[in-house]
Colleague: 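Take a look at the following structure, please.
Computed over heavy atoms, backbone and side chain alike; hydrogens, waters and symmetry mates excluded. Naming convention: chains lettered A, B, ... in sequence-line order (proteins, then strands); numbering from 1 in each chain.
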Amino acid sequence: MDTKFLKIMSRNIGQKMTRAMEEIYDLAGGVFNINSPKQLGLILFEKLGLPPVKKTKTGYSTDVTVLEKLKNQHPLPEKILEFRMLTKLRSTYVDAMPALINPKTLRVHGSFNQTVAATGRLSSSNPNFQNIPIRTEMGREIRKAFCAQEKDHFILAADYSQVELRIMAHLSEDPNLVAAFKQDADIHTHTAAMVFNLKQEDITSDMRRTAKVINFGIMYGAGAHRISQELNISHGDAGAIIKAYFERYTGVKDYIEKTITECKELGYASTLYGRKRPIQDINSENRNLQEAAKRAAINMPVQGTAADIIKIAMIRMHDWMKKENLKSKMILQVHDELVFEVHPDELELLKKQVPAIMELAGKLIVPLKVDVGVGKDWYEAH
DNA sequence: CGATCACGC
DNA sequence: GCGTGATCG
């Protein structure tokens, strides 16, 4: 860990927080606890009279989707979002990491839990290395603190490209999806072309974004309800897009139906390698419970098989590194990614062998693809 | 300690 | 869909 970097970052975020806080109190016309959704709800929806978009069990929702929708009506919601991002980054990551450094090793040693996630994934705790920010630039900066212990050593990150969709292609044997991966097409652009019945070169970035939501949604068993929320479109439009998808990817449709039927008969869903997850609620009388169980049943073979494959890769990686007496270390797993601390003499070897071992860990009817990055820290390695 | 929110894949 | 953690009340 680069603790000097984290210290500076903490100070910088603190300054931004103070500025945001002052602006928030100004816009709200008074002091309140910004971290309290309850107090914030009163300010937004009663004092300022903004329209409450969504409710929670206990009152007004103030989550990111709500505040995004209120952005164009009042300047406060955007400032709240900024403040929330800053506090999240500082309290969960920037200030938490240094406290977890082991004084003997000067490293942070988290736990990878093998018997927590129902699908067979690992989970990570104290700290959770599997949710270090990457999506926003400010968050991503935190990864600069995750660096090699010794000078001249490197961080190497290797991640499976679209592994879950490739597994869906294998399990469903859908000709369209299989062909896309055999051509190594941009899968979201490919799906957009299918759904909107256009040539790939005519796909706009907005259509691609829609297709990306659909691709992920399919693997989560999402229906028109969730898709409409994610894309901020009507329930009817979302339904039409899903219908178009299943008309083009009939193999995926059949596979999903088969998975649910089989789960109803057996009481479990399983991965390609036979790992089982009991899903009792699949035959529940309660509609909500049964629908949730269906989504879990659809997702288990995909998410669980990806977990099986990366675990096979990790075992083979360890055996190989031991046999070759390597000084480099496999240090993190992030569901579809492995991270290594690399001795400079071994860099070229690992750059070649790590993706090779990962790509061979699963035998699918479509190729597995692994992208590799190298740098002095986790930020540069991506 | 449940609820809410936000970070990741 | 699957997780962990900070914070509030």
Colleague: Please tell me if A/Arg277 has a side-chain N or O lying less than 4.0 Å from either OP1 or OP2 of C/dC2.
Modeller: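 Yes, because at least one side-chain N or O of A/Arg277 sits under 4.0 Å from OP1 or OP2 of C/dC2.
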Colleague: Within the structure, does a side-chain N or O atom of A/Asn35 lie under 4.0 Å from either OP1 or OP2 of C/dA6?
Modeller: no
Colleague: Less than 4.0 angstrom between a side-chain N/O of A/Arg135 and OP1 or OP2 of B/dC9, yes or no?
Modeller: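 Yes, within the criterion.
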Colleague: Side-chain heavy atoms under 4.5 angstrom apart, residues restricted to Ile, Leu, Val, Met, Phe, Trp, Tyr: same cluster for A/Ile312 and A/Ile365?
Modeller: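 Same cluster: A/Ile312 reaches A/Ile365 through Ile, Leu, Val, Met, Phe, Trp or Tyr contacts under 4.5 Å.
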Colleague: OP1 or OP2 of C/dT4 sitting under 4.0 Å from any side-chain N/O of A/Ser123?
Modeller: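 Checking C/dT4 against A/Ser123, a side-chain N or O does come within under 4.0 Å of OP1 or OP2.
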Colleague: What about A/Gln303: does its side chain form a donor-acceptor pair under 3.5 Å with the base of C/dG1?
Modeller: yes
Colleague: Return the value, rounded to whole Å, for the distance between atom CD1 of A/Ile134 and atom P of B/dC7.
Modeller: 14 Å
Colleague: Using the side chain to side chain contact (heavy atoms under 4.5 Å, CB included) definition, which of the options A/Val195, A/Ile227, A/Val213 pairs with A/Ile241?
Modeller: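 When side chain to side chain contact (heavy atoms under 4.5 Å, CB included) is applied between A/Ile241 and each of A/Val195, A/Ile227, A/Val213, only A/Val195 qualifies.
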Colleague: Compare side-chain N and O positions of A/Ser125 against OP1 and OP2 of C/dG3 and report whether any pair is under 4.0 Å apart.
Modeller: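 Checking C/dG3 against A/Ser125, no side-chain N or O comes under 4.0 Å of OP1 or OP2.
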Colleague: Quickly work out the A/Asp63 CG to B/dA3 P distance and round it to whole Å.
Modeller: 16 Å
Colleague: Taking only Lys NZ, Arg NE, NH1 and NH2, and the carboxylate oxygens of Asp or Glu, determine whether A/Arg209 and A/Asp206 approach each other closer than 4.0 Å.
Modeller: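 Yes.
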Colleague: Taking for each residue the nucleotide of DNA chain C bearing the nearest heavy atom, is the 5' side occupied by A/Asn126 or by A/Thr119?
Modeller: A/Thr119
Colleague: Under 4.0 Å: is that the gap between some side-chain N or O of A/Ser61 and OP1 or OP2 of B/dC5?
Modeller: yes
Colleague: Given C/dA6, B/dC7, C/dC2, which nucleotide is nearest the side-chain atoms of A/Met85?
Modeller: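 It is B/dC7.
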Colleague: Please tell me which of the listed nucleotides, B/dG8, C/dG1, C/dT4, lies nearest to the side chain of A/His335?
Modeller: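 My answer, after comparing the listed nucleotides, is B/dG8.
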Colleague: Report yes or no: is the cationic atom of A/Lys276 (NZ for Lys, CZ for Arg) closer than 6.0 Å to the six-membered ring centre of A/Tyr268, at no more than 45° off its axis?
Modeller: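 Yes, a cation-pi geometry.
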Colleague: Below the 4.0 Å mark, does B/dC5 have OP1 or OP2 next to a side-chain nitrogen or oxygen of A/Thr62?
Modeller: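 Checking A/Thr62 against B/dC5: at least one side-chain N or O falls below 4.0 Å of OP1 or OP2.
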Colleague: Can you tell me how far C1' of B/dC9 sits from CG of A/Asn215, to the nearest Å?
Modeller: 15 Å
Colleague: For the side chain of A/Thr56, counting heavy atoms from C-beta on, which of B/dC5, C/dC2, C/dC8 is nearest?
Modeller: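 The answer is B/dC5.
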Colleague: Name the closest nucleotide to the A/Asn33 side chain, picking from B/dT4, C/dC8, C/dG1.
Modeller: C/dC8
Colleague: Considering every strand and a 4.0 Å limit on heavy-atom distances, what is the contact class for A/Arg121: base, sugar-phosphate, or nothing?
Modeller: base
Colleague: Which nucleotide sits closest to the side chain of A/Asn113: C/dC2, C/dT4, C/dC8?
Modeller: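 Shortest atom-to-atom distance from the side chain points to C/dT4.
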Colleague: Mind checking A/Ala222 for me? I need base, sugar-phosphate or nothing, with any heavy atom below 4.0 Å counting as a touch.
Modeller: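 If one applies the 4.0 Å heavy-atom cut-off, A/Ala222 turns out to touch nothing in the nucleic acid.
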Colleague: Rounded to the nearest Å, what distance is computed from the CG atom of residue A/Asn128 to the P atom of nucleotide C/dG5?
Modeller: 6 Å
Colleague: Under the criterion side chain to side chain contact (heavy atoms under 4.5 Å, CB included), which of A/Leu332, A/Ile310, A/Leu156, A/Ile357 is the partner of A/Leu338?
Modeller: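 So, applying the side chain to side chain contact (heavy atoms under 4.5 Å, CB included) to A/Leu338 and each of A/Leu332, A/Ile310, A/Leu156, A/Ile357, only A/Ile310 qualifies.
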Colleague: Tell me whether A/Arg107 is salt-bridged to A/Glu341, with the criterion being a basic N under 4.0 Å from an acidic carboxylate O.
Modeller: yes
Colleague: Round to the nearest Å and state the distance from A/Phe129 atom CZ to C/dG5 atom P.
Modeller: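 These atoms are roughly 11 Å apart.
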Colleague: Would you say A/Ser124 places a side-chain N or O within less than 4.0 Å of OP1 or OP2 belonging to C/dT4?
Modeller: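 For C/dT4, neither OP1 nor OP2 has a side-chain N or O of A/Ser124 closer than 4.0 Å.
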Colleague: Would you indicate, yes or no, if C/dG1 has its OP1 or OP2 atom less than 4.0 angstrom from a side-chain nitrogen or oxygen of A/Arg295?
Modeller: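 Answer is yes, contact under 4.0 Å.
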Colleague: With a cut-off of less than 4.0 Å, is there a side-chain N or O of A/Lys88 near OP1 or OP2 of B/dC7?
Modeller: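 It does not, given that no N or O in the side chain of A/Lys88 lies less than 4.0 Å from OP1 or OP2 of B/dC7.
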Colleague: Any base atoms under 4.0 Å from A/Val302, or only sugar-phosphate, or nothing? Heavy atoms, all strands.
Modeller: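 It contacts nothing in the nucleic acid.
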Colleague: Nearest-Å distance, CE (A/Met138) to P (B/dG8)?
Modeller: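 Atom CE in A/Met138 sits about 13 Å away from atom P in B/dG8.
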Colleague: In whole angstrom, what separates A/Ile34's CD1 from C/dC8's C1'?
Modeller: 14 Å
Colleague: Which of these nucleotides, C/dT4, B/dG8, C/dG1, is closest to any side-chain atom of A/Asn299?
Modeller: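 Nearest to the side-chain atoms of A/Asn299, counting from C-beta on, is C/dG1.
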Colleague: Mind listing the closest non-hydrogen atom pair of A/Phe146 and A/Ile142 along with its distance?
Modeller: CD1-O, 3.6 Å
Colleague: Answer yes or no: does a side-chain N or O of A/Gln39 lie under 4.0 Å from OP1 or OP2 of C/dG9?
Modeller: yes
Colleague: Once you round it to whole Å, what is the distance between C1' of B/dT4 and CG of A/Leu40?
Modeller: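 Atom CG in A/Leu40 sits about 12 Å away from atom C1' in B/dT4.
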Colleague: Out of B/dC9, C/dA6, B/dC5, which has the shortest distance to the side chain of A/Ser91?
Modeller: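 Nearest listed nucleotide: C/dA6.
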